[in-house]
Amino acid sequence: MKDENENSSPDIDDVGRRISDAKKAHENKDRKQHNSASRLSVELLSGVLVGLAFGYFLDKWLDTKPIFFIIFFFLGVAGGVLNIYKLFRNSVDEDSSNAVDENNDK
Amino acid sequence: MSEIKPLEQFELKRLVEYEAFGGVDISFTNSSLFMVISVLAAAVFLLGGMRKNALVPGRWQSMAELSYEFIASMLKDTVGSGGRQYFPFIFTTFMYILMCNMTGMLPYSFTVTSHIMVTFGIAIFIFVAITIIGFAKHGLGYFGMFLPSGTPWFMIPLLIPIEVVSYLSRPISLSIRLAANMMAGHAILKVLGGFVVMMGAATGWLPIPFIVLLTGFEFLVAFLQAYIFTILVCVYLNDAIHMH
């Protein structure tokens, strides 16, 4: 009984380590995937859309036809770019924190 | 030759016509039907899986437990322990969107999440809820979201509108991403299926391997988009709870 335990426990540890390694690799892959190119276009587009909607309704409200539309178009572009910047800033942070984790493990 | 309409599958059909409050159309459509089916599928999947509640899970139970642990670890990684109380909501969102995407993969079914109004409804509800959580946690200090620390004073009038636009674009980007991905995939499948009919018996088999490949890919997209939607909700929740 005792022998069996001693034989099986390192195996279980090994399996546990493998599972956690596989999980880590999987998570990293997923994170990279969801930061992929398909997100960027949507972020930029939605920023511009919100900016244009803002400008349109401000113009309608204040009766200043093209002024706010033009201003908020550029603000929308800037907002979209800011979205993308935030996306990359987060992913860079995650990568560096992962690197730190790996170093600590070793 | 029959005409191929790849967008016909997204048409709403009223199954039970009903008007309330003098002209507000709240008919029960095929979209509503598949929403009900998705909710039932999620309930059957989870309740049925946990029916035995065995210590050593069987296949079904381990699938249910896997989906629970998947979201729980995601929430813990992105928000931390402060997000624990929002887990039921996040998990419900994930399971609902996942089941909507997956029932959409069945032949002759309707993909609820391919309509931007549906995804926008989900996204704007979450957006308002997260904004309320932010104000409840930080009071008026939540307006500090729109002002990154260390901004030079002359940049403030320019930066605040940009941050506001960036903040308000969150529900838009959430809903467009989900709806566009679901719609594009299903439309492409229909177009390729149309090629089979158009090319006839001699060469019609050529697109079929691509349809098989794309169907597999669509299953991946169906899962991935539910995952991305949920992890973004977690990221936004983290912003609201912890601010920067």
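Note on naming: letters A, B, ... go to the chains in the order of the sequence lines (proteins, then strands), and numbering restarts at 1 for each one.
The number of heavy-atom neighbours closer than 6.0 Å to CZ of B:Phe217, taken from other residues, nucleotides and ligands shown, is 12 or below. Atom CG of B:Leu140 sits in a sparse spot, with 12 or fewer heavy atoms from other residues, nucleotides or ligands closer than 6.0 Å. Within a 6.0 Å sphere centred on CZ of B:Phe135, other residues, nucleotides and ligands contribute more than 12 heavy atoms. Atom CZ of B:Phe89 sits in a crowded spot, with more than 12 heavy atoms from other residues, nucleotides or ligands closer than 6.0 Å. Environment of OH in B:Tyr68: sparse, with no more than 12 heavy atoms of neighbouring residues, nucleotides or ligands closer than 6.0 Å.
The pair B:Glu163-A:Lys86 meets the salt-bridge criterion, since a charged nitrogen lies less than 4.0 angstrom from a carboxylate oxygen.
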- Query: Could you go step by step and tell me if A:Asn83 and B:Ser169 meet the side chain to side chain donor-acceptor pair (under 3.5 Å) rule?
  - Reply: CA-CA 9 Å; A:Asn83 282 342; B:Ser169 75; 2.8 Å; yes
- Please test A:Leu49 against B:Ile176 for side chain to side chain contact (heavy atoms under 4.5 Å, CB included), starting from the C-alpha separation and ending with a verdict. CA-CA 11 Å; A:Leu49 280 182; B:Ile176 288 180; 3.7 Å; yes
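Considering CG of B:Leu232 and CD of A:Glu43, their distance stands at 7.0 Å, rounded to 0.5 Å. Within the model, atoms CZ of B:Arg170 and OG of A:Ser46 stand 11.0 Å from one another, a figure rounded to the nearest 0.5 Å. A distance of 10.5 Å separates CD1 in A:Ile84 from OG in B:Ser166, rounded to the nearest 0.5 Å.
For A:Leu44, no part lies near chain B; criterion is any non-hydrogen pair under 4.5 Å.
Annotation: side chain of B:Ile162 is not in contact with side chain of A:Val81 (no heavy-atom distance under 4.5 Å). Taking 4.5 Å as the limit, some side-chain heavy atom of B:Leu158 sits within range of a side-chain heavy atom of A:Leu75.
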